[in-house]
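Notes for the one structure printed next.
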Amino acid sequence: MFQPILVAIARLIGLMVAGYIAFQPQLLRRRLLPLLLSATVNVLLPLYFITEFSAGWESAVGEGWRWMPIFFFACVVMLGLQALVGLFLVRRVRTFQSPHPRAWIALFAIQNVGFIPLPILAVIAPEAVNIYAFFFVLAFVLIFWTLVVSLVSSHGRFVFQPNMPLAGIVAGLVIAMFGLYDFIPALVQNVMEAFSAPALDLILFVLGGILATIPREELRYRREFGGLIAVRMLAYPALLLALLALIPFGGISAEMAYGIRIGLVLEAAVPPATNLIVATKQYGSEAQVHYMASGMLVTYLASFVTMPLFLLASHAVFG
């Protein structure tokens, strides 16, 4: 089982590095990256949710539909807990004090629940676990475009922004639940599947391109970033791994228990969401954007070490 994990990690790093290198030219970052990002997020990712929901729905229901709401509420609980811990630290512990406390709390609380975990889970976990992970993403999307916007906004506005990934998840869920995919003409199905197939690879490639857009002159290491990595990206997933090792998973196969556990640890170990920069640019201040960009790059570099460690540790404990 180590080989699929190593392959998934190598794929993640390779595609992100390739995207980072490919979009070094300013012309490509300005002209091509926005188009590729828009097509991936607004077209390919929704198609991916629709096709994958239908492909894995029966196995997910067969393994236990209860895991769908469990993953949904696991996201709600994890994001809420992370936000509370981040708020406590930035207010009470000197090491974590920041000139931009709202941005720091957002970095601590809001992780990349889709762009990184989904491609890895597609390789190392049973198909049903991927469907459960979609419900984790669903909760995240709902929370992100409401509460997170008010968090990073200098005016504290409460805003909900409709978006295509959310539409894709909802459409995929409805189509799968009512068996509507079989009524779609075969030719249309083939086109949808062909376009959705490269979605996860393109997501990672585009993610590398997004990191390439962070101006070097805006990047500066802050003391609290080291604390963020130590607490949020090391201690926190280590604690969750230990708790999941103690909780019995009855009524499901060993393979499914393994996939669910490693999926939840992976969600806890991933770095902050790249959409934080998008939301901060739209609703926050320029100083927050610079701060967020610095934290983003530092945590993503750290994740190249921390995520493989937790994936391999999870396999050693749960495998």
Side-chain angles (χ1 to χ4, degrees), residues 1-13 48-49 51-79 81-82 111-140 169 172-173 176-177 179 197 200 204 233-271 303 305-319:
M1 188 64 187
F2 276 106
Q3 184 176 357
I5 292 176
L6 295 176
V7 168
I9 294 169
R11 177 171 167 273
L12 162 71
I13 295 175
Y48 172 79
F49 286 132
T51 56
E52 289 299 307
F53 252 124
S54 297
W57 184 254
E58 288 188 10
S59 64
V61 173
E63 293 289 349
W65 66 267
R66 68 187 185 278
W67 291 105
M68 299 174 189
I70 286 174
F71 266 71
F72 183 94
F73 287 108
C75 179
V76 175
V77 171
M78 287 173 67
L79 296 189
L81 176 62
Q82 290 158 198
Q111 74 259 35
N112 190 328
V113 304
F115 281 14
I116 293 178
L118 291 182
I120 295 177
L121 289 176
V123 177
I124 67 173
E127 187 177 42
V129 176
N130 294 335
I131 303 300
Y132 303 150
F134 291 169
F135 285 85
F136 200 100
V137 176
L138 173 60
F140 172 84
I169 293 175
L173 176 59
M177 284 180 64
L200 296 186
L204 294 171
M233 300 178 67
L234 287 172
Y236 175 70
L239 177 61
L240 182 62
L241 189 154
L243 289 175
L244 289 172
L246 297 174
I247 298 174
F249 281 59
I252 58 175
S253 66
E255 183 184 17
M256 279 299 301
Y258 170 87
I260 289 170
R261 284 182 169 119
I262 204 170
L264 291 173
V265 172
L266 178 59
E267 288 289 3
V270 290
S303 72
V305 176
T306 59
M307 278 191 2
L309 286 177
F310 279 107
L311 282 170
L312 295 175
S314 296
H315 174 69
V317 174
F318 305 138

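Note that the structure is predicted; figures quoted are calculated from it, not measured.
- A donor-acceptor pair under 3.5 Å is formed between the side chain of Gln111 and the backbone N or O of Glu267.
- By the side chain to side chain donor-acceptor pair (under 3.5 Å) test, Glu52 pairs with no residue at all, sequence neighbours left out.
- Shown here for Val317 and Ala245, the closest heavy-atom pair between the two residues is CG1-CB, 3.8 Å.
- Using a 4.5 Å cut-off on side-chain heavy atoms (C-beta onward), Phe135 and Ile169 make no contact.
- In this structure, CZ on Arg261 lies 8.0 Å from CD1 on Ile247, to the nearest 0.5 angstrom.
- Within 6.0 Å of CZ on Phe73 lie no more than 12 heavy atoms contributed by other residues, nucleotides or ligands.
- Listed here is the closest heavy atom pair of Met307 and Ala269: CG-O, 3.7 Å.
- For the residue pair Phe310 and Met233, the shortest heavy atom distance occurs at CE1-O, 3.3 Å.
- Ring to ring, Phe134 and Phe53 are close: their centroids are under 6.0 angstrom apart.
- A donor-acceptor pair under 3.5 Å links the side-chain atoms of Thr51 to the main chain of Tyr48, judged by distance alone.
- Classified by interplanar angle (parallel below 30°, tilted 30° to 60°, perpendicular above 60°), the ring pair Trp67/Phe249 is parallel.
- Residue Pro119 comes nearest to Arg11 through the heavy atom pair CB-NH1, 3.3 Å, listed as atom of the first residue, atom of the second, then distance.
- Side-chain contact between Phe115 and Val270: absent, with no pair of heavy atoms (C-beta onward) separated by less than 4.5 Å.
- In this structure, Ile260 and Met256 have side chains that are in contact, with non-hydrogen atoms separated by less than 4.5 Å.
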Stepwise side-chain contact (heavy atoms from CB on, under 4.5 Å) test for Ile262 and Val129 = CA-CA 10 Å; Ile262 204 170; Val129 176; over 6 Å; no

ask   = Stepwise, does the side-chain contact (heavy atoms from CB on, under 4.5 Å) test hold for Phe72 with Val137?
value = CA-CA 8 Å; Phe72 183 94; Val137 176; over 6 Å; no

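- Ser303 places no side-chain N or O within donor-acceptor distance of the main-chain N or O of Thr306, the cut-off being under 3.5 Å.
- Atom CZ of Phe140 and atom SG of Cys75 lie 7.0 Å apart (nearest 0.5 Å).
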ask   = Would Phe318 and Leu244 count as a side-chain contact (heavy atoms from CB on, under 4.5 Å) if you check the C-alpha gap in whole Å, the side-chain angles of each, and the deciding distance to 0.1 Å?
value = CA-CA 9 Å; Phe318 305 138; Leu244 289 172; 4.0 Å; yes

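- Atom-to-atom distance recorded for Leu204:CG and Ile116:CD1 is 7.5 Å, nearest 0.5 angstrom.
- The closest side-chain heavy-atom distance from Val113 to Leu118 is not below 4.5 Å.
- Separation of atoms CD1 (Ile124) and CG (Asn130) is listed at 9.5 Å; rounding is to 0.5 Å.
- With a 4.5 Å cut-off on side-chain heavy atoms, Leu121 and Leu266 count as touching.
- Using the six-membered ring where Trp is involved, Tyr132 and Phe71 have ring planes that are tilted, between 30° and 60° apart.
- Contact check for Glu63 versus Ile131: no side-chain heavy atoms found under the 4.5 Å cut-off.
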inquiry  = Pair Met177, Leu173 - check side-chain contact (heavy atoms from CB on, under 4.5 Å), show working.
reply    = CA-CA 6 Å; Met177 284 180 64; Leu173 176 59; 3.8 Å; yes

